Enquirer: 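Here's a structure for you.
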Amino acid sequence: MSEYKSEFLKVISERGFLHQMSDPEGLDKLCAEGPVTAYIGFDCTAPSLHAGSLVTIMMLYWFQQTGHRPIALMGSGTTRVGDPTGKDESRKILSDEIIEENKAGIRKIFEKLLTFGDGPTDALMMDNADWLMKLNYVDFLREIGRHFSVNQMIQRDSVKLRLEREQHLSFLEFNYMLLQGYDYLEIYQQTGCRLQMGGSDQWSNILSGVDLIRRKAGVEAYALTAPLLTTSSGAKMGKTASGAVWLNAEQLSPYDYWQYWRNTEDADVERFLKLFTILPLEEIKRLAALEGAGINDAKKVLATEATAMIHGREAAEAAAETARQAFEEGAMAEGLPTIEVPKADLEAGMGILSAFVTAGLCGSNGDVRRNIKGGAVKINDKGEQNEKRSLTLSDLTDDGVIKLSLGKKKHVLLKPV
RNA sequence: GGAGGAGUGCCCGAGUGGCUAAAGGGGACGGACUGUAAAUCCGUUGGCUAUGCCUACGUUGGUUCGAAUCCAACCUCCUCCA
C-alpha cells in the first residue's frame, strides 16, 4: 500500500472505494496539485437511484469534499438507446417523458450531497442527451470511429472473453464503449474534466474514453473504479423484499431506509461504515470493534449516519427514535410509516385483507391469508388468526390509529381521515 | 441466404397428450433460534366476490372429450455454414 499524496486518493483508498486506477502516480500528482474535475455517469431508467449506486455517489461526495469539482452526468441519451446487456427480450422502451421524470428524481439526490454552482469546486450536472442525440452516424464514424482500433477493442477482457467462449456479441454492445468514450471526450472538451469514475463494471468503457482523449486531444485522462458491492453473504446490494432500496423519500421512506441499514449483516458493518457514512476512521474502528450484541450499536450508528446523508439529520434522528420505540419499548411509535384511509371505510368496517394490501404490507388478499396462516399478522400488536376480521373505529388506539404488523419488523399505521 | 437449436412461474430449470397452478434449485417472505445479524431448521411462494371460478408455459390459429406437451404460421433469441 503506497501512500498517496493527494487528499482525495488518501481518503478514497482508506475507506475502501478503490478498485482500479489507470495511472495511480499520475492521478495522485494531478489531484495533489489543485482542483480537478471528474464525472460519473448515471442511467435514467428509474425515478430514483438505489443503494447500489451509492458507492459511486459517495465517491463524488468525497471528491468535492477534498477540494475538487464533481460532475454528475445524467445518461438520458444512453438510456434512450437502452443498455444492451440485459437478457430479457422486448426491453421496455422508455418514453422521453418518463426519462425526463426519472432524471428529475435522480437530480434531487445529488442536490442533497453535492454543492452546485459556478465556483471552481462547485458541482455540475450534465446530460449526455445534449450531445448524443445530435450525432450524425457518418460524422461520428469519421471523427470518433477512426480513433478506435478494433485490434485493441477485441483485446478488452469483456470482449475477449465473449469471443473466446464463442458467445454472441452484438455490434450494438461492441459500440457501447465508443458512445461512453465519446461522452468522456465531450465532457473533457466542455469542462476540462480529466477523470472518470464508476463501478468496476465500467472499467473498459472508461478506458476507451481515456484512449480517445489521448488520441483526439493529446491529453492524459484518468480512470478510477469502485468495487461492485455485495453483502458478505453474497446478496446484491440494495435489494429487499419490496424491491430496491431507493434513495428518494417518495420511493422509500426514511424510516424504511434506516431499517435497511440497521439490518446490515455483522460482517459488513465496518465496510459499510467506511463507505456510506462520513464518520472519521478512528470512530469507525471503535464501532467495528464491538462484539456480539454490542455490534447492534454500531449498526444503529450506521443506519442513522447513512440516513442523514441523504434524508437529512432530522429525518434520520426521527427514524432512529421511531425504531427505538417500536423495537426496544414495544410502544406505539408515531413515526412509523402511516397510511391514511377514509374514516367512512372504518365506520363501515374495513376487511383485514384489504387493509394489509392498501398498507402495502402484502401484495394480494391471498398473500395476507397466507401470512395469517403463518401467524405473521398482528393488529395493534395482538396476533390475528381470523381472516374475516374487519377493522372498525373501535380498533383505534388511544393515539387514533390502528397498527398493522407483518412479522416482527414491518409495521404500518392506519390513520382515519 | 442455408442448416440446426431454443423461448416454462421473480430467476435458473424439469416436464414431450389427462394424475400440471406445473418437479427441483435459487431468491424472497413468514416462523423457530438469536442480537431487528449470520448460519441452521420449519413453512409459504398466480389471482378472485373461493368446496368453485379465472389467468399462466413466446404469439396466433388448428387437431383433440382433453394441450406446456401434437400440427401450422408468425415473432424473438442463439449456434454453425455462406
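These numbers were taken from a predicted model, which means no experiment stands behind them. Each chain gets a letter, A, B and so on, in the order its sequence line appears, and its residues count up from 1.
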Enquirer: With C1' as the reference atom in both, quote the distance from B:U49 to B:U45 in angstrom, rounded to an integer.
Expert: 23 Å
Enquirer: Verify the distance criterion only: is there a donor paired with an acceptor across the side chains of A:Asp211 and A:Ser208 at less than 3.5 Å?
Expert: no
Enquirer: Could you state the atom-to-atom distance from CG of A:Leu302 to C1' of B:U36 in whole Å?
Expert: 14 Å
Enquirer: Side chain of A:Lys410 only, please: which of B:C29, B:U36, B:G31 is the nearest?
Expert: B:C29
Enquirer: Between A:Asp266 and A:Lys299, does any side-chain N to carboxylate O distance fall below 4.0 Å?
Expert: yes
Enquirer: Counting distance alone, no hydrogens or angles: does the base of B:G47 have a donor or acceptor under 3.5 Å from a partner atom on the side chain of A:Asn365?
Expert: no
Enquirer: What distance, rounded to whole Å, do you find between the two P atoms, one in B:G30 and one in B:U36?
Expert: 15 Å
Enquirer: Rounding to an integer number of Å, can you tell me how far A:Phe356 CZ sits from B:C29 P?
Expert: 17 Å
Enquirer: Suppose you measure atom P in B:A32 against the same atom in B:A38; what distance do you get, rounded to whole Å?
Expert: 15 Å
Enquirer: Inspect the contact between A:Lys108 and A:Glu250 and indicate whether a charged nitrogen and a carboxylate oxygen are less than 4.0 angstrom apart.
Expert: yes
Enquirer: With a non-hydrogen cut-off below 4.0 angstrom, is A:Lys373 in contact with a base, only sugar-phosphate, or nothing?
Expert: nothing
Enquirer: Taking pairing as Watson-Crick or G-U wobble with both contacts under 3.5 Å, can you name the mate of B:C74, or confirm there isn't one?
Expert: B:G58
Enquirer: Taking NZ, NE, NH1 and NH2 as the nitrogens, is one of them in A:Glu143 or A:Lys216 under 4.0 Å from a carboxylate oxygen of the other?
Expert: yes
Enquirer: Using the P atom as the reference point in each nucleotide, state the distance between B:C54 and B:G5 in Å, no decimals.
Expert: 37 Å
Enquirer: Could you tell me which nucleotide pairs with B:A21 by Watson-Crick or G-U wobble geometry, both distances under 3.5 Å, or answer none if nothing does?
Expert: none
Enquirer: Using a heavy-atom cut-off of under 4.0 Å over every strand shown, decide if A:Gly294 touches base, sugar-phosphate, or nothing.
Expert: nothing
Enquirer: Could you give the CG-to-P distance, from A:Asn296 to B:A38, as a whole number of Å?
Expert: 11 Å
Enquirer: Under a 3.5 Å cut-off for both contacts, is B:A50 paired Watson-Crick or G-U wobble with anything, and if yes, with which nucleotide?
Expert: none
Enquirer: Would you call A:Asp139 and A:Arg142 a salt bridge, using N to O less than 4.0 angstrom?
Expert: no
Enquirer: Using Watson-Crick or G-U wobble geometry with both distances under 3.5 Å, which nucleotide pairs with B:A28?
Expert: B:U44
Enquirer: Who does B:G9 pair with, Watson-Crick or G-U, both distances under 3.5 Å?
Expert: none
Enquirer: For B:A6 and B:A82, measure between their P atoms and round to the nearest Å.
Expert: 24 Å
Enquirer: Is A:Arg262 touching bases, backbone alone, or none of the nucleic acid, heavy atoms closer than 4.0 Å?
Expert: base
Enquirer: Provide the distance between the two C1' atoms, one in B:A68 and one in B:G7, to the nearest whole Å.
Expert: 12 Å
Enquirer: So which one's nearest nucleotide on RNA chain B is more toward 5', A:Val357 or A:Glu291?
Expert: A:Glu291
Enquirer: Whom does B:U34 pair with, Watson-Crick or G-U wobble, provided both distances fall under 3.5 Å?
Expert: none
Enquirer: Any salt bridge between A:Lys415 and A:Glu340, counting N to O under 4.0 Å?
Expert: no
Enquirer: Please give the nucleotide sitting opposite B:U79 as a Watson-Crick or G-U wobble pair, both distances under 3.5 Å, or none.
Expert: B:A3
Enquirer: A:Ala293 side chain: which of B:U36, B:U49, B:G35 is closest?
Expert: B:G35
Enquirer: Contact class for A:Asn371 vs. all strands (heavy atom < 4.0 Å): base, sugar-phosphate, or nothing?
Expert: sugar-phosphate
Enquirer: Out of B:A37, B:G30, B:A32, which has the shortest distance to the side chain of A:Lys408?
Expert: B:A32
Enquirer: Roughly how many Å is it from CZ in A:Arg369 to P in B:U51, rounded to a whole number?
Expert: 11 Å
Enquirer: Return the 5'-most residue of the pair A:Lys378, A:Thr264 with respect to RNA chain B, ranking by each residue's nearest nucleotide.
Expert: A:Lys378
Enquirer: Starting at atom NZ of A:Lys409, determine the distance to atom P of B:G35, rounded to an integer number of angstrom.
Expert: 14 Å
Enquirer: Under a 3.5 Å cut-off for both distances, is B:G66 Watson-Crick or wobble paired, and to whom?
Expert: none
Enquirer: Could you state the CG-C1' distance from A:Asn263 to B:A28, rounded to the nearest angstrom?
Expert: 15 Å
Enquirer: Taking B:A22 as the reference, what is the distance to B:C77 when you measure between their P atoms (whole Å, please)?
Expert: 33 Å
Enquirer: Write down the distance between CG (A:Leu406) and P (B:G31), rounded to a whole number of angstrom.
Expert: 7 Å
Enquirer: Less than 4.0 angstrom between a side-chain N/O of A:Arg370 and OP1 or OP2 of B:G46, yes or no?
Expert: no
Enquirer: So that I can tick it off, tell me whether A:Asp381 and A:Lys378 are bridged by a salt bridge, with the cut-off set at under 4.0 angstrom between side-chain N and carboxylate O.
Expert: no
Enquirer: To the nearest Å, how far apart are A:Phe327 CZ and B:U34 P?
Expert: 18 Å
Enquirer: Determine the Euclidean distance between corresponding C1' atoms of B:A56 and B:U51; express it in Å to zero decimal places.
Expert: 23 Å
Enquirer: Checking contacts here: which listed nucleotide (B:G30, B:G35, B:U36) is nearest the side-chain heavy atoms of A:Asp266?
Expert: B:G35
Enquirer: Would you find a donor on one side and an acceptor on the other, under 3.5 Å apart, between the side chain of A:Asp28 and the backbone of A:Lys5?
Expert: yes
Enquirer: Kindly point out which of B:A38, B:U36, B:G35 is positioned nearest to the side chain of A:Glu265?
Expert: B:A38
